Amino acid sequence: MLHQYQPAIPRLDIGAFRTGSEALHGVAWLGESTVFPQSVGLGATWDTGLVKRIGDATGTEMRGFHAQDPAAHGLNVWAPVADPLRDPRWGRNEEGYSEDPALVGAMTDAYTGGLSGDDDFYLKTAPTLKHFAGYNIEERRDRVSVTVPPRALHEYVYPAFRPAVESGNATGVMAAYNLVNGRPAHVSPLLEDVRSWSEDETMIVSDAYGPSNVAGSQGYYENHAESHAAMLKAGIDSYTDQDTDSSLTVDAVTSALEQGLITEEDVDRAVGHSLSIRFRLGEFDPDRRNPYSDITPDVIDSPEHRELAREAATEQMTLLKNDGALPLDPEQDGAVAVVGPLADTLYEDWYSGTMPYEVTPAGGIADRLGEEGSVSAAEGADRIRLATPDGGVVTASSAEDGGVLRVQDSGGGGDAEEISVFEWGEGVVTLRTESNGRVVGLGEGNRLFNDQEQPNGWFVQQLFRFEEVGDGQVVLKYDGYDEWNRKYVSVGEDGALTVDADTPDQAARFEIDTLASGTEQAVDAASGADAAVVVVGNMPFINARETDDREDIALPKAQRELVRAVTEANPNTVVVLESSYPQSMPWAQENAPALLWTSHAGQETGNALASVLYGDANPAGRLPQTWYRSVEDLPDMANYDIIDSGHTYQYFEGDPLYAFGYGLSYTDFEYGKPELDRKRIGEDGTVTVRVPVTNTGERDGDEVVQLYTSQKRSRVEQPVKELRDFERVHVEAGETATVELEIEAADLAFWDVTRGSTVVERAGHDVLVGSSSEDIRRTARIKVDGERIPPRDLSADTRAADFDRYSSGVALVDETKAKGDAVAGSEGDWIAFDDSDLRGLSSFTVQAARAQDGAAGLEVRLGAPDGRLLGTAGVPSTGGVYEYTDVSAELDTVGGKHRDVYLVFTGDLRLSGFSLTEG
């Protein structure tokens, strides 16, 4: 019962149960279903009501699939992703809503509210939030330890996850792959914090193969019995491991019971949590009416859900630039060239459902224009022939299901020899054979086959690189996600292209004969058109997806060149960026007449795009992330602490390409003076802000009114500004709508590291109301009668992890395997404790561990890492990282108080805690 696949128990009349159906933006992996925009696109709607309706539709379709096969199509859904999108390079950027935890929290609460339904007891589905906690890196994701200081945890992580759990809409969380502060998330005591947020029973699940990792790749415990016992005690209720094979889980837990590592009560507690969810799903209440039990499969891809998909795809369209090119006029702009690698195709991502139909950008525009218009499409991809130095040529099968690519004597040209090349950035290309329109990939016997419609699968096997080797020749390297076979292509005795060469010298050499320039074809199409629409972006299975972070944020070179060429060829060019994440494109921002961003928005993408391009809908999407100008603006990706790194709109003081919350409209909105019902509140108070918003243009439209605050004085570094409330409001042309927003004093609280609790400081706050985080239209000021944080009392036991600031080499680590955080540092590293009261303190005691031989130490300094030295405590080798010892030293006394104290490491050691006392 602890495994993902819970068996049927006939003697108790209990059926089989499976946790973990995917439902990120529609039901996934179970067959054709309604596919809504990617989560990052839903975040761009800033419309919690819409997102709740999408969650409701997804939950309804999940019930429809469940009716088909209750055992296989489980009602515990693993969605949504509540991880804030801290870094746009994260491979799973497409899965989250926003970089801002308040917006994430509102969206997750809305989506899970729809998924779980409105009944007071029964659940439509049981949503599980992913991935708790500190998850934002795919590179070595099961081995990387992320340092999450207390402020980052309580101010950035928890606010994203907590609202949906607290409201009861989410029924649990999934533990993340990574380690948090040196401890695997699957055995983290933070899981119990999640349980404290809800009055309802919650079910906490592992991620796939996460349980095996704890004693495997993470090596945190010596064997599975110990690791599974630790996970059970930490709060894991369901082990997702080894697919349908539960033997590892059963054997590990049985062994743990026999060894006394756990008790039956531990098992009962975990099973009870999952059974409580099954009760609420209606499984054990045949005599009570479950309001969702009558849902049948005919709800899947219903007309209502198709309409909702189109509404969602439209609402997330975000206008980035418009020099008057948009909206297009169907009478004057009836002949349209739709060009680019995404012009006439739609892509699904890893967690997407299967689209029942596809309206591409070119298709949507053609449908919008009807018989009166004309649409020409060009992919902008070069068409080439690959020849060998001895006169052979690569040929491909024309069979619908493809065949092996071979080198043969040239047959005089034709489709069999033609290959289209699509460049996706970072040197990665995909190859499509024109003989059958299929993509080339690695297949049986490590040979190349042209048998795939698109790049796909967990191990994407359709990726290649051309490497120049001189004399105008190239070799072809396989670059799929199965890293153990990233070799080069050779030509076998039968002519078959085979991936088996270890080095370029052993690989087959080819000469590229360009038969047609994709850019030239696109320019030809655009030159004679009334308008050109260039659709560029990413393919979701390539360069950024689960297991693969991005190295760069720039638009791929070939796409940049395509945008430039088409823009120069047709002055009425609109650039549409269809992508799963922010991409840097400064030339297009400077030179293209209009820019529009959309996520991969599902089956209705083309219809939604056409309605925006031709003004049937007024765009009102707003960016849920900061779009940086280049990768140079980004920190080390491993630095999770946005306060330290200075990132996201909250702390970034640079010049972004587009600000958080940014988006344009076809109309203009004027903000009136905000009215505050009070300008002074206590730490439990609320301010209501009423803002008149007038549509001064000639088109009806939506405006997303955003309210930020900025604290003017604080003991700690505060965000430049922080989102507090927002509302998407429809305002007809010439009309005024009054938007009512709220600021709760409790939301202004931050984590006080000096006392380990939240605090609302006594301070003034600027109230900032506007159309984005940078486009602030109106301001006001409130005063909060909170408290003043007293000077630090270092005479009490102080947790080392509760520092105020730290050097780049410092990491938070596990104090013990079960609980607690310690600070690990090396020579020259430091941690600072600001505003400390040092009067009369002359003795220094530390609790430290040092696994290495020899001694290290901790210096106590004032004002700076190289400031006045008060004393040094030497730390001997303790024999292990968990073997702590108390070491004391005398200090020079200091007069006065309110001094910043630095603890400077003079060697490798772990510091658990310390105190400064009277001698």
Side-chain angles (χ1 to χ4, degrees), residues 28-33 35 341-350 352-358 360 362-363 377 379 381-388 392-422 424 428-465 476-482 485-500 508 510 515-516 539-542 545 603:
W29 303 1
L30 301 183
E32 291 185 353
S33 62
V35 177
L342 288 88
D344 201 20
T345 188
L346 293 184
Y347 289 125
E348 297 167 352
D349 57 60
W350 177 244
S352 170
T354 301
M355 289 184 277
Y357 60 91
E358 300 177 10
T360 69
E379 294 173 306
D382 288 347
R383 188 169 295 187
I384 68 169
R385 178 170 53 205
L386 289 176
T388 60
V393 64
V394 174
T395 60
S397 169
S398 60
E400 184 177 352
D401 57 355
V404 179
L405 271 67
R406 300 182 185 277
V407 171
Q408 298 178 337
D409 293 337
S410 176
D415 288 348
E417 299 179 0
E418 297 184 4
I419 300 173
S420 292
V421 181
F422 296 85
W424 299 106
V428 175
V429 301
T430 54
L431 308 174
R432 186 186 67 205
T433 59
E434 294 311 310
S435 58
N436 66 352
R438 294 299 182 103
V439 176
V440 177
L442 186 67
E444 183 179 356
N446 288 332
R447 296 182 297 176
L448 299 188
F449 291 77
N450 62 332
D451 58 354
Q452 299 298 312
E453 290 188 9
Q454 298 291 352
N456 61 80
W458 179 253
F459 296 110
V460 185
Q461 296 178 314
Q462 296 81 34
L463 311 182
F464 298 90
R465 294 177 185 270
L476 185 61
K477 183 178 182 180
Y478 172 68
D479 200 46
Y481 283 7
D482 44 349
N485 190 30
R486 287 189 174 175
K487 297 185 178 183
Y488 293 85
V489 172
S490 70
V491 178
E493 292 183 1
D494 60 353
L497 299 191
T498 306
V499 179
D500 62 358
F510 300 100
L515 305 175
M539 197 285 163
F541 278 81
I542 304 171
R545 55 153 281 181
Q603 61 205 50

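This one's a predicted model, so the numbers in the text were calculated from it and none came from an experiment. One-based numbering along the sequence shown.
- By the ring-ring contact (aromatic ring centres under 6.0 Å, His included) test, Trp29 is found to be paired with Trp350, Tyr351, residues two or more places apart in sequence or in another chain being considered.
- With sequence neighbours excluded, no residue forms a side-chain hydrogen bond (donor to acceptor under 3.5 Å, both in side chains) with Thr498.
- Within the 4.5 Å cutoff, the side chain of Leu431 has heavy atoms near those of the Leu476 side chain.
- Take Lys487 and apply the salt bridge (Lys or Arg N to Asp or Glu O under 4.0 Å) test, not counting sequence neighbours, and it matches Asp502.
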inquiry  = side chain to side chain contact (heavy atoms under 4.5 Å, CB included) for Leu497 and Val491? Distances and angles first, verdict last.
reply    = CA-CA 5 Å; Leu497 299 191; Val491 178; 3.8 Å; yes
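- Rounded to the nearest 0.5 Å, atoms CZ (Phe422) and CE (Met539) are 11.0 Å apart.
- Val439 and Gln454 make their closest contact through CG2-CA, 4.2 Å (heavy atoms, listed as atom of the first residue, atom of the second, distance).
- Residue Tyr478 holds its OH atom at 7.0 Å from CZ of Phe464, rounded to the nearest 0.5 Å.
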Verdict with supporting geometry, Leu515 and Ile384, side chain to side chain contact (heavy atoms under 4.5 Å, CB included) = CA-CA 5 Å; Leu515 305 175; Ile384 68 169; 5.7 Å; no
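- In terms of the side chain to side chain contact (heavy atoms under 4.5 Å, CB included) criterion, residue partners of Glu348 (sequence neighbours excluded) are, by chain and number, Ser352, Thr354, Met355.
- Scanning for ring-ring contact (aromatic ring centres under 6.0 Å, His included) contacts around Trp424 gives an empty result, with sequence neighbours left out.
- Rounding to the nearest 0.5 Å gives a distance of 11.5 Å between OG1 of Thr430 and CD1 of Ile419.
- A donor-acceptor contact shorter than 3.5 Å links the side chain of Gln462 to the backbone of Asn456.
- With sequence neighbours left out, the side-chain hydrogen bond (donor to acceptor under 3.5 Å, both in side chains) criterion links Thr360 to Asp344.
- Side-chain contact between Val429 and Val421 is present, with heavy atoms from C-beta onward closer than 4.5 Å.
- Under the rule for a side-chain hydrogen bond (donor to acceptor under 3.5 Å, both in side chains), Tyr347 has no partner lying at least two apart in sequence or in another chain.
- When every heavy atom of Ile542 is checked against every heavy atom of Pro455, the shortest pair comes out as CD1-CG, 4.1 Å.
- Taking the side chain to side chain contact (heavy atoms under 4.5 Å, CB included) definition, one finds that Asp479 meets it with Val428, Leu463, Arg465, Arg486, sequence neighbours left out.
- Annotation: the span from Gln408 atom CD to Thr388 atom OG1 amounts to 11.5 Å, rounded to 0.5 Å.
- In this view, Ser435 satisfies the side-chain hydrogen bond (donor to acceptor under 3.5 Å, both in side chains) rule with no residue, not counting sequence neighbours.
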request  = Could you please spell out the steps behind the side chain to side chain contact (heavy atoms under 4.5 Å, CB included) verdict for Asp349 and Arg545?
outcome  = CA-CA 8 Å; Asp349 57 60; Arg545 55 153 281 181; over 6 Å; no
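- The minimum heavy-atom distance between Ala396 and Asn450, with the atom names listed, is CB-ND2, 3.6 Å.
- With rounding to the nearest 0.5 angstrom, the OG1 atom of Thr433 is 6.5 Å from the CG atom of Leu405.
- Contact between Asn436 and Gly402 at its shortest, heavy atoms only, is ND2-CA, 3.6 Å.
- Here CG of Leu386 is found 12.0 Å from CD of Glu418. Values are rounded to the nearest 0.5 Å.
- Pairs passing the salt bridge (charged side-chain N to carboxylate O under 4.0 Å, His left out) check and including a residue from residues 431-440, sequence neighbours excluded, read Glu379-Arg432, Arg383-Glu434, Arg432-Glu434.
- With sequence neighbours left out, Phe459 forms a ring-ring contact (aromatic ring centres under 6.0 Å, His included) with Trp484.
- Across all their heavy atoms, Pro356 and Ser33 have their closest contact at CD-O, 3.1 Å.
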